[in-house]
Amino acid sequence: MYIPLPTPDEMALWDRTSIDTYGIDAKMLMENASREALHVLLEEFGSLQGKSAVVFAGSGNNAGDAFALARHMTDMGAKVMVLHKKAQQEYTRETAYHLQLALNTEVPLVRLPEYNLDFLTHPDIVVDGLLGTGFRGLLNKQYKDWINHINRMGKNSFVFALDIPSGINGWTGLPSPTAVKADATATFAFAKVGLFMAESRPYVGNLHVRSIGLPARVSEDAPPSHFGLDQHILSLYPAPQDDLHKGTAGHVLIVGGSEGLTGAPHLAALGALRGGAGLVTIAIPGALASEVKNGAADIMTLPLGEGGKWSGSLIEALSPHFERFDSVVIGPGLGRDTGSRNFLRAYLQSEHPPTVIDADALYWLAEDPQCVQHLDQECILTPHPGEMARLCRKSNNEVQQNRPAILRQAVQDFQCTMVFKGANTLITAPNRPMYVSPIACANLAIGGAGDILAGLIGSLRNSSLSPLQATCLGVYWHGFAGELLRERYPYRGNRATELADILPLVFKETHDAHSC
Ligand SMILES: NC(=O)C1=CN([C@@H]2O[C@H](COP(=O)(O)OP(=O)(O)OC[C@H]3O[C@@H](n4cnc5c(N)ncnc54)[C@H](OP(=O)(O)O)[C@@H]3O)[C@@H](O)[C@H]2O)[C@@H](O)CC1
Ligand SMILES: [K+]
């Protein structure tokens, strides 16, 4: 359900604890890593007999993995040359040990800075052991040149990265500013969080996560700050009971819609219905009620007053009804005039059901300190990058450059559960780990997909799940629905209503997959 995704620092700590506390020999971990890498290479590339390979070794322990793999590849019949960054006597500890084994077995080794890479003819395989989890900051010119050279060779050679493609930031998955473009990566013990992110996908190739013998207790005793979601999160959805009736299946209230913006609350209502809510009602200024319903017999409306605009006083028409609702989604299509702001202020100050805050309501949170004051821990905020940029007063580019850190700060500021939408949507709550969706799906990049997610999370708030659990489940479920649409529409073109309609089929698909 939750896959540990260590940062490079957390991984280094786990390596160290295994060695220092549990007495596992570092040389053995390196041997295990290189043996696993060998098996991945055989799986991905096939027989090494008679193949040529160039192995790049940097200055840290990633180089140690490379020295050990070069020895194994030689034993499997490959013609291997190792290009290493440092002078041989400068390598230390386990890396020096595996360098020595390579020397003992007569693997050819050449100092990389002294070698003219233009002499290299196209090898069958290039191994990237330049930089692993010890990589920090940006690449210097020397590394940039080597990496660019590896990428040029990659047009004709199979490029295989050890632990992490060199140049990829293990936290964010971003290149720094360039990175090795691997055909496959063998990563050791756990996927580093950056490898889980869509940003690293063009560089990682086929990712293989291989155990190297770290004791399980090491990661259990010092849990990581990030976890990936997998299909098992769907098991949080309560199995429907035969004696369920609409009154016990949850009643979701959508609050939103304004002149010209009645589609958004309608879609949120569809998200809630398709998410299993027993009843869904949209509260909207009275004059817009029939427009928002748009003929949908299964969506009820609660007209507020008779006009077509929001105002603070409309709360008086709404609040007497609160006890009928299990959860509220506020914001889709709410609009950005002062009337909608005054209504939102009044709503947040009132005693209201658990609430998902989306779209224009997020706009007002960013613009109006009075709205922020009345947030409570039951609220769930669901910004996309543009909304997050506004909430944090940063540019879109800045918030996208380090999404986990931005979300962590926002959760600290707002003290609510928050979703940061986008490829690999992130979810967290105060003092909780960060949860990362594995899904990056272009079929979700359509207007209305966010409204459907808000409605879906709203419907999940009716169950016994915590805000964080409901949000993780909703994000994964919604993403999986996008993946199903991808099968039907590989070149996109799906509509938001289809995203809602396919939601219930996710459980059928995964059930069928599990029962095969
Ligand atoms: N026993 C274990 O722990 C195990 C570890 N394992 C393996 O070890 C790897 C981690 O090893 P690590 O910590 O030595 O880091 P790693 O990335 O190889 O090199 C760090 C060096 O890179 C350099 N450098 C950094 N930033 C730079 C920059 N911006 N631009 C340029 N250079 C930069 C800097 O070198 P310097 O400049 O100081 O010479 C720094 O010292 C891990 O990924 C896995 O493969 C496995 O075998 C399992 C057991
Ligand atoms: K590497």
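Start at 1 and go down the list; that is how both ligands and their atoms are numbered. For clarity, every value in this text was computed on a predicted model and none was experimentally measured. Atom set for the values below is all heavy atoms of this structure, side chains included, hydrogens, waters and symmetry mates excluded.
Counting atoms of ligand 1 from 1 in the listed order, those under 4.0 Å from a heavy atom of Asn140 are 30 (N), 31 (C). Using a 4.0 Å cut-off to heavy atoms of Gly132, the atoms of ligand 1 that qualify are 16 (P), 17 (O), 18 (O), 43 (O). Within ligand 1, counting atoms from 1 as listed, the ones closer than 4.0 Å to a heavy atom of Ile212 are 48 (C). Set against the non-hydrogen atoms of Arg136, the atoms of ligand 1 under 4.0 Å away are 25 (C), 26 (N), 27 (C), 28 (C), 29 (N).
Taking 4.0 Å as the cut-off, Ile19 counts as a neighbour of ligand 1 on heavy-atom distance. Not a single heavy atom of Leu162 sits closer than 4.0 Å to an atom of ligand 1.
Of the charged side-chain nitrogens involved, none lies within less than 4.0 Å of a carboxylate oxygen, so that Arg403 and Glu398 do not count as a salt-bridged pair.
Using the six-membered ring where Trp is involved, Phe67 and His84 have ring planes that are perpendicular, over 60° apart on the 30 and 60° scheme.
You'll find the ring centres of Phe507 and Tyr237 inside the 6.0 Å limit.
A side-chain N or O of His208 and one of Glu44 form a donor-acceptor pair less than 3.5 Å apart. Thr172 and Glu199 share no donor-acceptor pair across their side chains, judged by distance under 3.5 Å alone. A donor and an acceptor atom, one from each side chain of Asn104 and Gln100, are located under 3.5 Å apart. A side-chain N or O of Gln409 and one of Asp413 form a donor-acceptor pair less than 3.5 Å apart.
Between Ser225 and Thr7 the shortest heavy-atom distance is OG-CG2, 4.0 Å. Across every non-hydrogen atom of Met434 and Pro404, the tightest pair is CE-O, 3.3 Å.
When non-hydrogen atoms are compared, ligand 1 lies under 4.0 Å from the backbone of Asn61 as well as from its side chain. Counting heavy atoms closer than 4.0 Å to ligand 1, residue Thr95 contributes nothing at all. If you look at Phe135 next to ligand 1, the close heavy atoms, those under 4.0 Å, come from the backbone and the side chain alike. Heavy atoms from both the backbone and the side chain of Leu131 come within less than 4.0 Å of ligand 1.
Put simply, Leu162 gets within reach of the K ion (ligand 2), with an N, O or S atom under 3.4 Å from it. Backbone or side-chain N, O or S atoms of Asp163 do not reach the K ion (ligand 2) at under 3.4 Å. None of the N, O or S atoms belonging to Gly58 lies under 3.4 Å away from the K ion (ligand 2). With 3.4 Å as the limit, Ile164 counts as an N, O or S neighbour of the K ion (ligand 2).
Summary of contacts: the protein heavy atom closest to atom 5 (C) of ligand 1 is Asp15 OD2, 3.8 Å. At the shortest separation from atom 49 (C) of ligand 1 among protein heavy atoms lies Leu29 CB, 3.8 Å. For atom 32 (N) of ligand 1, the nearest non-hydrogen atom of the protein is Tyr143 CE1, 3.3 Å. Closest protein heavy atom to atom 18 (O) of ligand 1: Asn62 N, 2.9 Å. Considering only non-hydrogen protein atoms, atom 10 (C) of ligand 1 sits nearest to Thr133 OG1, 3.3 Å. In this structure, atom 21 (C) of ligand 1 lies nearest to the protein heavy atom Ser59 OG, 3.9 Å. Among all non-hydrogen protein atoms, the one lying nearest atom 1 (N) of ligand 1 is Glu94 OE2, 3.3 Å. Shortest contact from atom 43 (O) of ligand 1 to any protein heavy atom: Asp163 OD2, 2.5 Å.
Legend: residues meeting salt bridge (Lys or Arg N to Asp or Glu O under 4.0 Å) with Asp163, ordered by chain and number and at least two apart, are Lys192.
Looking at ligand 1, you'll find an N or O of Asp65 within less than 3.5 Å of one of its N or O atoms. On a distance-only criterion, Ala63 and ligand 1 share no N/O pair closer than 3.5 Å. Checking only distances, Gly134 does come within under 3.5 Å of ligand 1, N or O to N or O.
A donor-acceptor pair under 3.5 Å is formed between the side chain of Ser166 and the backbone N or O of Leu131.
Inside a 4.0 Å radius of atom 38 (O) of ligand 1 there is not any protein heavy atom. For atom 41 (O) of ligand 1, the nearest protein heavy atom lies 4.0 Å away or farther.
Remark: Lys86 is positioned above the aromatic ring of Tyr91, its terminal NZ or CZ atom under 6.0 angstrom from the ring centre and at most 45 degrees off the axis.
Around the K ion (ligand 2), the angle linking Asn62 (OD1) with Ser166 (OG) is 100°, rounded to 10 degrees.
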### Task
Using the side chain to side chain contact (heavy atoms under 4.5 Å, CB included) rule, take Ile406 and Lys394 through it: C-alpha gap first, then chi angles, then the decisive distance, then the call.
CA-CA 10 Å; Ile406 290 286; Lys394 293 189 186 308; 3.6 Å; yes

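Sorted pairs that involve residues 471-481 and meet side chain to side chain donor-acceptor pair (under 3.5 Å), not counting sequence neighbours, are lacking altogether.
Of the residues Val54, Ile150, Asp145, Leu112, the one that meets the side-chain contact (heavy atoms from CB on, under 4.5 Å) test with Leu117 is Leu112. Shown are Val209, Leu5, Leu207; of these, the side-chain contact (heavy atoms from CB on, under 4.5 Å) with Leu195 is made only by Leu207.
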